Protein chains: 2
Amino acid sequence: MGKIDKLDKQILEIISQNARIPFRDVAEQCGVSRAAIHQRVQRMIENDVITGSGYNVNPKVLGYATSAYIGVKLEKGSMYKNVIPEFEKIPEVTECHFTTGPYTLLIKLYARDNEHLMDLLNNRIQEIPGVVATETMISLSQSIKREVPIIKEA
Amino acid sequence: MGKIDKLDKQILEIISQNARIPFRDVAEQCGVSRAAIHQRVQRMIENDVITGSGYNVNPKVLGYATSAYIGVKLEKGSMYKNVIPEFEKIPEVTECHFTTGPYTLLIKLYARDNEHLMDLLNNRIQEIPGVVATETMISLSQSIKREVPIIKEA
DNA sequence: CGTGAAAAGGGTTCGAC
DNA sequence: GTCGAACCCTTTTCACG
């Protein structure tokens, strides 16, 4: 895992918000040449500083009107090894965290509507061996959505 | 908000996972010309089907070893209008959802370490007028992280 | 590690179907 | 709405500082 300097952070701050911006513009904002930007980005990809890229798609257009977090309690915490592969099989599940606090796992999922959400809960998630209880937190509106903060310095 | 057909979905499935893939390759995989891809993508950007793009940065390299979800209970649910702007001022907060269930708000944040997390909780979040209780769910490990599922059909 | 310039490749536009 | 081809800008490479 590579180290990062001020210029790298400056580059990341720009391209983390816009993957299609020409390196020409990044170079101008950073006060270096295009080639330098290219070299830096390449190195950061090799060093797993940059883990990927992508376009952001509006979930509503894809037919997903509902997103929710589900707190999952397991019979025994150690059962997560068998439970997580089951969640991976459910494409609507987009995140799964092993957490401290009231739940063993906290998962995020997308559903077309409330009926679809209920189906996922009753027929998919509750059916997984080891899952003893779930608590559903439907996101009625998401007011903040941004990237990891990049603090400018060294 | 625009409508989407099978070809659009196919394009989205590819570029949502890789913003830098040449349209040439997308065109080949979809069996159409480069110009068609260009036109489709352009239209989807105009119609807010595509909401942006970006590189994914490894949080650890930026000095964030800890991420957590915080369940926030408010004195009154209606206070969220005044509370959310306060969360927006905290750059470590990257998501904020108004939710059903045990909490009024569910927020996601990044912290350098446990000390930093404690500072954010005690000196920033608990200080916000209207916040009466918080419950911290530290993500000890994230096992699933993927995009909104794109189901292939019409 | 950065640079400028040349080479290679992809994005964008165009007229036509 | 799609196509192929031309055009132009960007990425990428390279020898040098």
Side-chain angles (χ1 to χ4, degrees), chain A residues 1-63 147-148 150-154, chain B residues 1-63 147-148 150-154:
Chain A
M1 196 176 76
K3 277 222 168 285
I4 288 311
D5 69 5
K6 195 171 182 171
L7 177 55
D8 288 324
K9 282 198 181 178
Q10 208 176 348
I11 296 167
L12 287 174
E13 195 176 13
I14 298 167
I15 67 174
S16 70
Q17 317 229 54
N18 183 354
R20 281 280 174 169
I21 189 173
F23 285 2
R24 183 184 181 283
D25 298 356
V26 181
E28 195 180 347
Q29 285 184 56
C30 295
V32 293
S33 70
R34 268 164 290 186
I37 301 295
H38 178 256
Q39 187 188 345
R40 294 285 189 128
V41 170
Q42 211 64 21
R43 200 174 53 78
M44 289 195 281
I45 291 171
E46 279 164 21
N47 295 345
D48 282 324
V49 172
I50 291 169
T51 55
S53 69
Y55 279 88
N56 308 128
V57 180
N58 184 341
K60 283 183 188 155
V61 178
L62 295 170
E147 297 304 313
V148 187
I150 297 175
I151 281 90
K152 296 175 204 76
E153 38 162 341
Chain B
M1 198 176 76
K3 276 223 169 286
I4 288 311
D5 69 6
K6 195 171 182 172
L7 177 56
D8 289 323
K9 282 197 181 179
Q10 208 176 349
I11 296 168
L12 288 174
E13 195 176 14
I14 298 168
I15 67 174
S16 69
Q17 318 231 50
N18 183 353
R20 281 280 175 168
I21 190 173
F23 285 3
R24 186 184 178 285
D25 298 357
V26 180
E28 196 179 347
Q29 283 184 55
C30 295
V32 294
S33 69
R34 271 161 289 187
I37 302 295
H38 179 256
Q39 189 193 342
R40 295 286 190 128
V41 171
Q42 211 65 19
R43 201 173 51 80
M44 289 194 281
I45 290 171
E46 280 164 21
N47 294 345
D48 282 323
V49 173
I50 290 170
T51 55
S53 69
Y55 279 87
N56 308 127
V57 180
N58 183 341
K60 284 183 187 153
V61 178
L62 296 171
E147 297 304 314
V148 187
I150 298 175
I151 281 88
K152 297 174 202 78
E153 38 163 341

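Nothing here was measured: the structure is a model prediction, and the numbers come from that model. The chains referred to below are lettered A, B, ... by the order of the sequence lines, with proteins before strands, and numbering in each begins at 1.
Distance from the side chain of B:Ala36 is smallest to D:dC3 among C:dC1, D:dG1, D:dC3.
Look at CZ on A:Arg43: it is 16 Å from P on D:dT13, rounded to the nearest Å. Whole-Å rounding puts the A:Gln39 CD to D:dC16 C1' distance at 14 Å. Atom CG in B:Leu7 sits about 11 Å away from atom P in D:dG1, given to the nearest Å.
For the atom pair CD1 (B:Ile50) and CD1 (B:Ile45), the distance works out to 5.0 Å, reported to the nearest 0.5 Å. Here the NZ atom belonging to A:Lys9 is positioned 13.0 Å from the CD1 atom belonging to A:Ile11, to the nearest 0.5 angstrom.
Take B:Arg20 and apply the side chain to side chain donor-acceptor pair (under 3.5 Å) test, not counting sequence neighbours, and it matches B:Tyr55.
Contacts classified as side chain to side chain donor-acceptor pair (under 3.5 Å) and involving residues 37-47 of chain B (residues at least two apart or in different chains) are given here: B:Asp5-B:Arg40, B:Asp8-B:Arg40, B:Asp8-B:Arg43.
At a threshold of 4.5 Å between non-hydrogen side-chain atoms, the residues A:Val26 and A:Val41 do not count as touching.
A:Arg24 and A:Arg34 make their closest contact through CA-CG, 3.6 Å (heavy atoms, listed as atom of the first residue, atom of the second, distance).
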Taking only nitrogen or oxygen atoms into account, show me every contact under 3.5 Å that the protein makes with nucleotides 8-12 of chain C, one pair per line with its distance.
{"residue": "C:dG11", "atom": "OP1", "partner": "A:Arg20", "partner atom": "NH1", "Å": "3.1"}
{"residue": "C:dG11", "atom": "OP1", "partner": "B:Phe23", "partner atom": "N", "Å": "3.4"}
{"residue": "C:dG11", "atom": "OP2", "partner": "B:Phe23", "partner atom": "N", "Å": "2.9"}
{"residue": "C:dT12", "atom": "OP2", "partner": "B:His38", "partner atom": "NE2", "Å": "3.1"}
{"residue": "C:dT12", "atom": "O5'", "partner": "B:His38", "partner atom": "NE2", "Å": "3.3"}

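B:Ile37 comes within 4.0 angstrom of nothing in the nucleic acid, heavy atoms only.
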